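This is a predicted model, so every value here is computed, not measured. Only heavy atoms go into these numbers, but all of them, side chains included; no hydrogens, no water, no symmetry mates. To find a chain, count down the sequence lines: A is the first, B the second, and so on, and within it residues start at 1.
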Protein chains: 2
Amino acid sequence: MDNEPSYKDKKVISIGVVSELTGLTERKIRYYEEKNLIFPKRSKGGYRKYSFGDVERLMDIADQREEGVTTKEIKQELSKKERKEQKQKMIRGQLNAQFGIQKK
Amino acid sequence: MDNEPSYKDKKVISIGVVSELTGLTERKIRYYEEKNLIFPKRSKGGYRKYSFGDVERLMDIADQREEGVTTKEIKQELSKKERKEQKQKMIRGQLNAQFGIQKK
DNA sequence: CGTGTAAGGAATTCTGACACG
DNA sequence: CGTGTAAGGAATTCTGACACG
């Protein structure tokens, strides 16, 4: 009874299509991955596969680059968000361990 | 202020990925297209591009085929649905022409 | 009818490198 | 640092056909 498989995060789009969708060159897209700003999966043959979420992320990166933000700064911003999420997860886990009841 | 671009209907998935997602061979997928049960778009180079909606449709077709339903019957069922939708559209248009007020 | 397969070719993507700045 | 490009190779997909049934 779970709803849709969340199409937004399924990694199924090839770099050529992502290039069309974002307007970015394949070179840029690969470079942003090299800088750990985006994380596509790989097919058996080694082809990069992106999700719609990745496409959105890339458009956001493109906007920031236009504003002069460096990849390093974008990366730092990403790391900060990830640390926050980690903290939230920890807190939720703590609360659940202390007061959680419903096991299933 | 429009919501998401409806990822479900964007034709961005190559046949190889569709094959993995549905479990169908590429041969079958192409054959169902030949029988007009599915309608992928094409990239500049001529590669088929499918949407998540197409993937769902293919899984539905696969189920019907397993039950022994022929492609011809599946096609007829599809045509029937399309006629119904057409009729609904007509009615809505008629009602709008007669009583519709908000032009924009 | 529905599907598998081998065949040859074309489009797509990959990596590593050189260039410029 | 960020991006373009030419280079050679490998993975992907395409079509039309033959096969079986």
**Request:** Could you tell me which residues satisfy salt bridge (charged side-chain N to carboxylate O under 4.0 Å, His left out) with A:Lys81, sequence neighbours excluded, listed by chain and number?
**Result:** none
**Request:** Could you provide the dot-bracket string of DNA chain C, using ( ) for intrastrand pairs, [ ] for crossing pairs and | for bases paired to another strand, with Watson-Crick or G-U pairs below 3.5 Å?
**Result:** .||||.||.|.|.||.||||.
**Request:** Go through the structure and list residues passing ring-ring contact (aromatic ring centres under 6.0 Å, His included) with A:Tyr50, not counting sequence neighbours.
**Result:** none
**Complete:** Sorted by chain and residue number, the side-chain hydrogen bond (donor to acceptor under 3.5 Å, both in side chains) partners of A:Lys84 (sequence neighbours excluded) come out as none
**Request:** Please collect all salt bridge (Lys or Arg N to Asp or Glu O under 4.0 Å) contacts where either partner lies in residues 31-41 of chain A, sequence neighbours excluded, each pair once.
**Result:** A:Glu33-A:Arg42, A:Glu33-A:Arg48
**Item:** Those residues that, when tested against A:Arg30, pass side-chain hydrogen bond (donor to acceptor under 3.5 Å, both in side chains) (two or more places apart)
**Value:** A:Glu26
**Complete:** side-chain hydrogen bond (donor to acceptor under 3.5 Å, both in side chains) filter on A:Thr70, not counting sequence neighbours, yields A:Glu73
**Whole angstrom value for the distance that separates C1' of C:dG2 from OH of B:Tyr32** = 7 Å
**Asked** Going by heavy atoms in the side chains, are A:Met59 and A:Leu21 under 4.5 Å from each other?
**Response** no
**Complete:** In B/S/- notation (B base, S sugar-phosphate only, - none; protein heavy atoms under 4.0 Å), nucleotides 6-19 of chain D written 5' to 3' is ----BBBBSB----
**Fill in**
Per the under-4.0 Å heavy-atom filter, residues of residues 57-81 of chain A near DNA chain D come out as A:Arg65, A:Thr70, A:Thr71
**Fill in**
With sequence neighbours left out, the residues meeting side chain to side chain contact (heavy atoms under 4.5 Å, CB included) with B:Gln98 are none
**Item:** With B:Glu20 via salt bridge (charged side-chain N to carboxylate O under 4.0 Å, His left out) - residues at least two apart
**Value:** A:Lys44
**Asked** Tell me: CG of B:Asn36 to P of C:dG2, nearest whole Å?
**Response** 13 Å
**Request:** Could you pull out all residues at least two apart from B:Lys11 that satisfy side-chain hydrogen bond (donor to acceptor under 3.5 Å, both in side chains)?
**Result:** B:Asp54
